[in-house]
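Atoms within each ligand, like the ligands themselves, are counted from 1 in listed order.
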Amino acid sequence: MASDKKDNNNDILPFVDLTHQHEEIGDEILRCIHNVIKSGKFILDENVAAFESEAAEYLEVEFAVGVASGTDALQLALIALDVGEGDEVITTPFSFIATAEVIRHVGAKPVFVDIDARTFNLSAAHVEAVITEKTAAIMPTHIFGQPSDISELSTICNRHSIKLIEDCCQSFGAVFNGKKVGSFGDAGGFSFYPSKNLGALGDGGLVVTKHKEVADKICMLRNHGSTSPNQYELLGFNSRLDEIQAAVLREKLKNIDKYNTRRREIAHQYNQLLVNLPIVIPYEDPRGTHIFNQYTILSENRDDIANTLKSQNIESAIHYPIPLHKQPVINKDYPDLVLPVAEDVTKRCISLPIYPELREEFIQTISTAISTMFEY
Ligand SMILES: Cc1ncc(COP(=O)(O)O)c(C=O)c1O
């Protein structure tokens with residue numbers, strides 16, 4: 001049995017601890033890995049196909065294609081939707097670097113729009129003002145597992161005949177207006193990086209789409225652009241989800257609602273324990289279901305909080321300390337761009353440990369450490 005981290009004061013309470021989840025379903029995981037090894041089939045075989053259809057059913061989308069990572073899912077979605085050189089893609093400055101990186105990789109220009117101060121998601125209210133002749137797509141991130149205002153963004157995209165690509169890398173199973181995220185756009189990209197709410201035992205990703213031709217193109221792109229053996233019609237990539245990861249993901253997909261429900265319970269426990277402190281607890285848009293891939297609060301004292309937690313051997317993380325338009329690799333193209341809300345949030349945000357197996361007493365320990373800090 002994996003020992004519980006932090007049974008003693010000197011033990012570290014990690015930001016994410018995957019050992020318990022893997023212990024809980026350890027037999028199933030070992031069995032499915034063993035079956036793949038016994039089959040001798042490791043690339044694009046029955047587990048990838050089955051995972052794609054099970055994920056499509058869960059996400060209520062017509063097509064799902066497994067790829068090597070969330071980054072690749074977004075990049076291949078852009079390529080399959082013909083977004084490229086000379087195009088502009090409206091996106092959020094408050095996300096993981098991959099969101100902007102893939103736009104640049106396909107030769108397009110990211111156009112950053114400030115975020116909503118409550119949800120930290122791309123502010124739909126500011127999008128139309130930056131649409132130009134060159135705008136090919138909008139790519140919002142459902143940040144931390146909280147759906148963006150995706151119905152409104154979808155309406156804007158339809159009005160201007162531009163594509164909608166959802167960065168769902170942190171939001172498997174999140175819901176907006178009764179529909180799972182990923183099902184609104186022309187395409188959605190998911191990540192199965194191990195610490196995600198649906199995590200593989202390595203890298204993995206998924207593109208979902210309502211368009212058959214986009215799904216077909218991504219199937220080709222992930223496999224060197226091939227239509228059949230030795231026939232290459234597109235300039236492709238090696239970006240396949242592998243059979244072992246797909247088999248593991250099939251096991252974990254069975255539990256995703258349980259995992260997401262538990263994340264929400266933990267978030268609500270934190271909310272209660274942190275109430276009445278000079279902290280902004282996460283806002284939840286009542287039209288959606290936030291699945292709390294991260295539990296991120298705002299505080300003027302975020303460095304003190306991080307240091308206090310660290311002094312008690314509790315890990316925390318800053319998601320994200322620098323908005324994308326200020327990252328060196330991006331900033332040279334936007335030296336004067338000011339996005340006040342995103343810039344403010346990056347100075348005050350701090351994420352606390354959250355994962356389905358986080359023990360009650362640790363939620364209490366973490367919250368007490370923070371509230372005690374504010375007493376002095
Ligand atoms: C918002 C967002 N977009 C894209 C990615 C990229 O996913 P991956 O790490 O699977 O390439 C991530 C993962 O960290 C993410 O959080």
Side-chain angles (χ1 to χ4, degrees), residues 15-16 18 51 55 64-79 89-106 110 112-113 115-116 119-122 137-148 150 153 164-174 181-182 185 187-208 218 221-222 237-242 245-246 248-249 252 260 263 290-296 317-325 327 329-330 342 345-346 349 351 354-355:
F15 185 65
V16 179
L18 301 172
F51 174 65
V65 184
V67 294
S69 68
T71 308
D72 282 7
L74 297 170
Q75 182 164 339
L76 298 193
L78 286 165
I79 296 170
V89 179
I90 297 170
T91 193
T92 169
F94 191 64
S95 186
F96 181 59
I97 186 69
T99 314
E101 186 182 51
V102 294
I103 298 171
R104 288 282 302 278
H105 271 308
V106 301
F112 297 104
V113 163
I115 55 171
D116 178 271
T119 63
F120 311 149
N121 278 319
L122 178 65
I138 302 179
M139 190 155 85
T141 297
H142 304 294
I143 198 74
F144 305 146
Q146 163 120 276
S148 296
I150 198 70
L153 291 171
L164 179 60
I165 299 156
E166 298 175 67
D167 182 339
C168 306
C169 287
Q170 301 183 2
S171 54
F172 197 100
V181 300
F190 290 86
S191 166
F192 304 126
Y193 184 81
S195 61
K196 300 293 192 215
N197 65 321
L198 180 63
L201 301 186
D203 279 310
L206 187 78
V207 185
V208 298
I218 287 169
L221 287 169
R222 74 174 170 184
F237 301 84
N238 177 351
S239 181
R240 300 171 296 232
L241 179 67
D242 71 61
Q245 297 304 344
V248 170
L249 287 164
K252 290 201 181 185
N260 284 345
R263 282 175 180 275
H290 190 331
I291 53 87
F292 289 97
N293 197 75
Q294 300 298 349
Y295 181 86
T296 304
I318 309 293
H319 300 115
Y320 297 91
I322 304 174
L324 295 180
H325 64 291
Q327 286 290 355
V329 61
I330 308 271
V345 169
T346 52
C349 58
S351 305
I354 191 164
Y355 41 93

Does F112 have any ring-ring contact (aromatic ring centres under 6.0 Å, His included) partners at least two apart in sequence or in another chain, and if so, which?
-> Y334

Any side-chain heavy atom of I79 within less than 4.5 Å of one from L221?
-> yes

Which residue, L122, T91, V89, forms the side chain to side chain contact (heavy atoms under 4.5 Å, CB included) with I138?
-> L122

By ring-ring contact (aromatic ring centres under 6.0 Å, His included), which residues pair with Y320, not counting sequence neighbours?
-> F94

So, H142 versus Q170: side-chain donor-acceptor pair below 3.5 Å or not?
-> no

Pairs flagged by salt bridge (Lys or Arg N to Asp or Glu O under 4.0 Å) wherever residues 197-206 is involved - sequence neighbours left out | none

Show the distances, to 0.1 Å, for all pairs joining an N/O atom of ligand 1 and a protein N/O atom that are shorter than 3.5 Å, listing one pair per line.
{"unit_1": "ligand 1", "atom_1": "3 (N)", "unit_2": "D167", "atom_2": "OD1", "d": "3.3"}
{"unit_1": "ligand 1", "atom_1": "3 (N)", "unit_2": "D167", "atom_2": "OD2", "d": "2.8"}
{"unit_1": "ligand 1", "atom_1": "7 (O)", "unit_2": "S191", "atom_2": "OG", "d": "3.4"}
{"unit_1": "ligand 1", "atom_1": "10 (O)", "unit_2": "G70", "atom_2": "N", "d": "2.8"}
{"unit_1": "ligand 1", "atom_1": "10 (O)", "unit_2": "S191", "atom_2": "OG", "d": "2.7"}
{"unit_1": "ligand 1", "atom_1": "11 (O)", "unit_2": "G70", "atom_2": "N", "d": "3.4"}
{"unit_1": "ligand 1", "atom_1": "11 (O)", "unit_2": "T71", "atom_2": "N", "d": "2.9"}
{"unit_1": "ligand 1", "atom_1": "11 (O)", "unit_2": "T71", "atom_2": "OG1", "d": "2.4"}
{"unit_1": "ligand 1", "atom_1": "14 (O)", "unit_2": "K196", "atom_2": "NZ", "d": "2.8"}
{"unit_1": "ligand 1", "atom_1": "16 (O)", "unit_2": "Q170", "atom_2": "NE2", "d": "2.9"}
{"unit_1": "ligand 1", "atom_1": "16 (O)", "unit_2": "K196", "atom_2": "NZ", "d": "3.0"}

